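Structure first, commentary second.
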Amino acid sequence: MADVAREAGVSVATAGRALGNYGRVRDDLREQVQAAAERLGYSPNAVARSMRSGGTRSIGFVGADISNPYFATAMRGICDVAREQGYEPILANSDDRLEVERAAVSVLLDKQVEGIVVAPTSVTDVAHLERAMELGVPIVLLDRHIGALAADSVVIDNEAAAYEAVAHLLGLGHRRVGLLACVDPAEGPELAARTGTGRLTVRGAARPSIDRIRGYLAAVDDHRATSSAELIQYTPLSDAAQAQRRAEALLTQPQPPTAVFATDNVTTQGLFMAARRRGLAIPADVSLVGFDDLDWTTLVDPPLTVVAQSPLDMGRAAAVRLFERIKGDDRPAERIVLPTELVVRSSTAEHSHGVREHSG
């Protein structure tokens with residue numbers, strides 16, 4: 001309030017009346033104060049928070065899509081830790097839309113939360129997160145790391161996890177391995193052929209999906225398998241119906257892949273449904289590896305080989321780090337990497353070099 005008053009050239013009392021809409025303030029002075037507040041990014045509740053000796057004993061969580069089992073389970077981990085600490089969580093869903101995430105963070109700041117866990121929609125447009133940190137509200141990133149932001153993050157090694165999954169398929173003799181990935185068109189990816197070799201590389205923001213594509217391409221390169229853009233299909237984020245359509249396009253090519261890696265739980269479901277719809281036998285006609293060890297992957301026939309991660313542990317780890325920050329831990333920001341495991345089940349098998357790869 002004092003900063004706004006100084007910027008506007010008025011007394012603190014006048015600034016308080018103008019921004020609080022009480023008492024008598026001349027119209028020109030009110031406009032002057034409001035303009036100063038906007039220039040300084042003033043938030044009454046956020047500043048009031050810093051002047052209190054206590055706090056609201058609440059934290060925020062902004063999930064990308066809380067209907068997705070990954071984020072729903074991570075949310076459970078965050079809520080468990082919050083309640084162990086005597087705090088209440090306030091939850092928001094960004095629907096993987098940046099403008100919704102910005103609004104959610106703003107509301108949480110107005111609610112005077114003491115820290116926020118965010119699964120960021122963008123890894124490049126982060127001014128709203130920077131502002132929260134400048135106001136003294138700790139931010140911990142879940143699932144996505146942002147190098148340009150001095151905030152802790154809890155992630156997995158997406159590139160290594162994808163590499164292991166694809167190497168498993170290549171080790172079974174598959175040479176045409178397809179990829180089905182959920183991506184944000186606004187942030188890439190862009191495939192390009194390397195000069196001299198013609199092997200594919202990918203450019204794009206450091207999102208989990210892009211890192212998993214990099215892992216796929218690295219495994220294909222290291223095993224000298226087929227590297228072709230036609231073996232890669234993209235689908236919009238969290239669109240299960242579109243994921244199934246893109247999987248069908250992949251499986252019905254004149255020279256289809258004999259194995260496919262799906263990079264998240266949405267594309268895994270779409271891939272399995274597409275194979276069933278096309279009447280393909282798994283793994284006789286096509287081997288499948290998915291991502292996320294959800295309950296349904298063990299209930300279908302055959303049970304799916306998947307890359308398993310623990311969103312519950314990730315949510316808990318993010319919340320634990322957030323409370324360390326709330327309690328005054330001022331160590332440099334850390335990228336916390338949790339393990340993954342390739343769980344091999346019955347949806348993958350040795351390539352039989354049968355008719356299907358050479359049809360058409």
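Note that the structure is predicted; figures quoted are calculated from it, not measured.
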**Study point:** Donor-acceptor contact below 3.5 Å, side chain Ser287 vs main chain Ala349
**Key:** yes
Review point. Pick from Asp110, Leu129, Val100: which one makes a side chain to side chain contact (heavy atoms under 4.5 Å, CB included) with Val105?
Key: Leu129
Practice item. Kindly work out whether a path of hydrophobic side-chain contacts (I/L/V/M/F/W/Y, heavy atoms less than 4.5 Å apart) joins Met273 to Leu280. Key: yes
**Study point:** Derivation of the side chain to side chain contact (heavy atoms under 4.5 Å, CB included) call for Val4 and Val10
**Key:** CA-CA 9 Å; Val4 172; Val10 299; over 6 Å; no
**Study point:** Heavy-atom donor-acceptor pair, Asp152 side chain to Glu334 backbone, under 3.5 Å
**Key:** yes
Practice item. Classify the side-chain pair Asn265/Asp292 by whether it contains a donor and acceptor separated by less than 3.5 Å. Key: yes
Check your understanding: Are Val113 and Leu135 joined in one hydrophobic group, where the rule is that I, L, V, M, F, W and Y side chains link up if heavy atoms are under 4.5 Å apart?
Key -> yes
Check your understanding: Under the 3.5 angstrom rule, does the side chain of Arg325 hit a backbone N or O of Gly115 as a donor-acceptor pair?
Key -> no
Practice item. Check for a donor-acceptor pair, side chain of Arg175 on one end and backbone N or O of His223 on the other, with a separation under 3.5 Å. Key: yes
Review point. So how far is it from Thr258 OG1 to Arg176 CZ, rounded to the nearest 0.5 Å?
Key: 8.5 Å
List the atom pairs, with distances to 0.1 Å, where a side-chain N or O of residues 81-91 and a protein N or O form a donor-acceptor pair under 3.5 Å, not counting sequence neighbours.
from  : atom 1 : to     : atom 2 : distance (Å)
Glu84 : OE1    : Arg316 : NH2    : 3.3
Glu84 : OE2    : Arg316 : NH1    : 3.3
Glu84 : OE2    : Arg316 : NH2    : 3.3
Gln85 : OE1    : Lys327 : NZ     : 2.8
Tyr87 : OH     : Glu114 : OE1    : 3.0

**Study point:** Whether His145 side chain and Ile336 backbone form a donor-acceptor pair below 3.5 Å
**Key:** no
Practice item. Test side chain to side chain contact (heavy atoms under 4.5 Å, CB included) on Arg212 and Val307 and set out the steps. Key: CA-CA 11 Å; Arg212 292 171 194 175; Val307 176; over 6 Å; no
Practice item. Can you establish whether the number of heavy atoms outside Asp295 located under 6.0 Å from its atom CG is more than 12? Key: no
Point to revise | Closest approach of Ala167 to Ala219 (non-hydrogen atoms, all atoms of both residues) | key: N-CB, 4.1 Å
**Study point:** In one Ile/Leu/Val/Met/Phe/Trp/Tyr side-chain cluster, 4.5 Å: Tyr163, Val343
**Key:** no
**Study point:** Thr252 side chain vs Glu248 backbone, donor-acceptor pair below 3.5 Å
**Key:** yes
Check your understanding: Residues in side-chain contact (heavy atoms from CB on, under 4.5 Å) with Ala72, at least two apart?
Key -> none
Practice item. State whether the number of non-hydrogen atoms from other residues, nucleotides or ligands found under 6.0 Å of Glu38 atom CD is greater than 12. Key: no
**Study point:** Closest approach of Leu250 to Ile232 (non-hydrogen atoms, all atoms of both residues)
**Key:** CD1-N, 4.4 Å
**Study point:** Candidate pair Leu180 and Gln233, rule side chain to side chain contact (heavy atoms under 4.5 Å, CB included), full reasoning
**Key:** CA-CA 5 Å; Leu180 185 63; Gln233 290 284 339; 3.8 Å; yes
Check your understanding: Any Lys/Arg nitrogen of Arg321 or Glu324 sitting under 4.0 Å from an Asp/Glu carboxylate oxygen of the other?
Key -> yes
**Study point:** Enclosure of Arg276 CZ (heavy-atom neighbours >12, cutoff 6.0 Å)
**Key:** yes
Review point. Linking I/L/V/M/F/W/Y whenever any side-chain heavy atoms sit under 4.5 Å apart, do Met75 and Leu312 land together?
Key: no
Review point. Is a side-chain donor-acceptor pair under 3.5 Å present for Ser58 with Thr56?
Key: yes
Exercise for review: Show your working on side chain to side chain contact (heavy atoms under 4.5 Å, CB included) between Ile282 and Phe272 and close with a plain yes or no.
Suggested key: CA-CA 9 Å; Ile282 304 169; Phe272 181 81; 3.9 Å; yes
Revision key, fill the gap. In this structure, OG1 of Thr235 is separated from CZ of Arg246 (nearest 0.5 Å) by 8.0 Å
Practice item. Taking atom types as modelled, find out whether Tyr70 and Asp264 have a side-chain donor-acceptor pair closer than 3.5 angstrom. Key: no
Study note, to complete from the structure: CD1 (Ile116) and CG (Leu141) are apart, to the nearest 0.5 Å, by 11.0 Å
Review point. Out of curiosity, Leu288 CG to Arg345 CZ, how far, rounded to the nearest 0.5 Å?
Key: 13.0 Å
Check your understanding: Is there a chain of hydrophobic side chains (I, L, V, M, F, W, Y, each step under 4.5 Å between heavy atoms) that links Leu40 to Met1?
Key -> yes
Check your understanding: Which atom names give the shortest non-hydrogen contact between Glu130 and Ala148, and what distance separates them?
Key -> OE2-O, 4.3 Å
Review point. Under 3.5 Å, is there a donor-acceptor pair linking the side chains of His168 and Thr305?
Key: no
Review point. Considering residues, nucleotides and ligands other than Glu350, do more than 12 of their heavy atoms fall under 6.0 Å from its CD?
Key: no
Check your understanding: If you take all heavy atoms of Ala150 and Met133, which pair is closest and at what distance?
Key -> O-CE, 3.0 Å
